[in-house]
Number of protein chains: 2
Amino acid sequence: MLPELDPDMFDPLCPSSALPIQIGDKWTGMIVLCLEHGRRRFNEIKVPLRGITSKVLSETLRAMERDGLVVRTAYPENPPRVEYELTPLGRTLLTLIDAARTWSRAHLPTLLDARQAYEAGLTGQPVPPVTSPDR
Amino acid sequence: MLPELDPDMFDPLCPSSALPIQIGDKWTGMIVLCLEHGRRRFNEIKVPLRGITSKVLSETLRAMERDGLVVRTAYPENPPRVEYELTPLGRTLLTLIDAARTWSRAHLPTLLDARQAYEAGLTGQPVPPVTSPDR
DNA sequence: CTGGATCCACGCCGATACTG
DNA sequence: CAGTATCGGCGTGGATCCAG
């Protein structure tokens with residue numbers, strides 16, 4: 001069977017929120033990553049998505065289903081079981097996510113440095129020089 | 001001198017708003033594209049950005065300056081003149097925008113088809129089959 | 001377990017008016 | 001020309017409760 005999702009697969013301390021690239025809405029990119037290695041159940045996806053509510057998760061998944069990014073399979077059991085899986089179209093987003101990650105590794109520190117320098121400049125604090133690949 | 005920006009460089013009928021990829025906030029990606037071929041003045045950028053208000057444009061530009069994506073140069077003249085230019089860091093976003101465009105050419109029609117089929121399904125209308133690279 | 005239904009807080013951003 | 005100031009709508013998404 002598929003290994004379980006790492007609850008910490010999205011490090012809350014990772015500054016990805018500063019990333020100038022976004023895949024879909026707030027959660028879509030992370031959901032794609034959750035489904036990367038195979039189908040997952042609703043509550044399984046929910047775990048790494050620290051604090052997403054059921055409402056928002058089901059809304060996001062339905063929007064993704066509507067756009068043909070995932071397929072939803074409901075089993076008429078009790079308790080109910082529903083599984084989500086990436087479509088080939090959904091899988092094409094993985095390459096974009098990868099591009100975003102590559103960019104982020106190469107350039108996000110530079111952006112963060114610039115932001116910090118800018119804000120220090122506003123408060124009149126002199127800023128120690130930084131060395132980054134760009135700039 | 002640099003040729004003027006095409007007022008229609010962002011076709012309002014282009015379904016790019018359905019794109020599941022976004023660079024920065026709502027306008028950042030388009031601003032980067034406006035600055036691709038050289039420095040531009042405030043009102044010059046404003047033209048292709050159909051309907052952006054001065055307030056939002058200056059806010060967006062200041063955020064981009066803060067993040068080290070553009071440099072702002074003000075000339076102490078009258079009337080005032082201000083120019084914006086991409087930094088090397090800002091230029092790195094061009095490759096990402098290109099990746100998004102490539103994805104869009106290859107897969108956005110599929111996504112739009114799926115969306116249309118989904119919504120037709122909701123209204124009980126049968127949907128004529130479509131042929132797209134994915135799915 | 002997998003959501004739907006409601007209510008609400010917040011932030012983006014557009015409209016409008018004004019300024020150096 | 002290049003902004004700033006202020007107001008407000010509207011949509012996203014969080015909290016909470018409820019249901020099959």
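Because only heavy atoms are used, hydrogens play no part in the values below, and waters and symmetry mates are left out as well, while side chains stay in. The model shown is predicted, which means the values in this text are computed figures rather than measured ones. Each chain gets a letter, A, B and so on, in the order the sequences are listed, and its residues count up from 1.
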Return the polar atom pairs (N/O with N/O) between nucleotides 4-7 of chain C and the protein under 3.5 Å, or none.
from  : atom 1 : to    : atom 2 : distance (Å)
C:dG4 : OP2    : A:S58 : OG     : 3.2
C:dG4 : OP2    : A:R62 : NH2    : 2.6

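Across the protein-nucleic acid pair, A:Y75 atom OH and C:dT2 atom C1' stand 15 Å apart, rounded to whole Å. For the pair A:K46 NZ and C:dG3 P, the interatomic distance rounds to 10 Å; values are reported in whole Å. Rounded to an integer number of Å, the gap from CG of B:L61 to P of D:dG3 is 8 Å. If you take CD of B:E83 and P of D:dC1, they are 14 Å apart, rounded to a whole angstrom. Distance B:I52 CD1 to D:dG3 P: 12 Å, rounded to the nearest Å. Atom CG of A:L57 and atom P of C:dC1 are 14 Å apart (whole Å). Taking atom CD of A:E44 as the reference point, atom P of C:dC1 lies 12 Å away to the nearest angstrom.
Taking each heavy atom of A:S54 and A:K46 in turn, the nearest pair found is OG-NZ, 2.7 Å. B:S104 approaches B:P109 most closely through the heavy-atom pair O-CD, 3.5 Å.
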Run the side chain to side chain contact (heavy atoms under 4.5 Å, CB included) check on A:E36 and A:I97 step by step: do they pass? CA-CA 11 Å; A:E36 179 174 8; A:I97 294 177; over 6 Å; no
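To the nearest 0.5 angstrom, B:K26 atom NZ is 12.0 Å from B:T28 atom OG1. Between B:L49 atom CG and B:I31 atom CD1 the span is 5.5 Å, to the nearest 0.5 Å. For the atom pair CD1 of A:I52 and CZ of A:R50, the computed distance is 13.5 Å after rounding to the nearest 0.5 Å. Interatomic distance, B:W27 CH2 to B:C34 SG, rounded to the nearest 0.5 Å: 10.0 Å.
Residue B:F42 has its side chain nearest to D:dA2 when only D:dA2, C:dT16, C:dT2 are considered. Distances from the side chain of B:V56 to the nucleotides C:dG14, D:dC1, C:dC1 place C:dG14 closest. The side chain of A:V82 approaches C:dG3 more closely than any other nucleotide in the set C:dG3, D:dA2, C:dC1.
By the rule that hydrophobic residues join a cluster once side-chain heavy atoms approach within less than 4.5 Å of another member, A:L96 and B:L33 end up as members of one cluster.
For the helix from C:dC1-D:dG20 to C:dG20-D:dC1, the rotation axes defined at the first and last 5 base pairs enclose an angle of 40°, given to the nearest 10°.
When the side chain to side chain donor-acceptor pair (under 3.5 Å) test is applied to B:E77, the partners found at least two apart in sequence or on another chain are B:R81.
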Let me check something: any side-chain donor-acceptor pairs from residues 12-22 of chain A under 3.5 Å, sequence neighbours excluded? List them with distances.
from  : atom 1 : to    : atom 2 : distance (Å)
A:Q22 : NE2    : A:D25 : O      : 3.1

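Within the nucleic acid shown, B:Y84 comes within 4.0 Å of sugar-phosphate atoms alone, with no base atom in reach, counting heavy atoms only.
Within residues 7-41 of chain A, the residues that have a heavy atom under 4.0 Å from DNA chain D are, in order of number, A:D25, A:K26, A:W27.
Identified under the ring pair (Phe, Tyr, Trp, His ring centres under 6.0 Å) test for residues 69-104 of chain B, with sequence neighbours left out: B:W103-B:H107.
B:N78 has no side-chain polar atom (N or O) that falls below the 4.0 Å cut-off from OP1 or OP2 of C:dG20.
Contact check on B:E65 versus B:R72 returns no salt bridge, with no Lys/Arg side-chain nitrogen under 4.0 Å from an Asp/Glu carboxylate oxygen.
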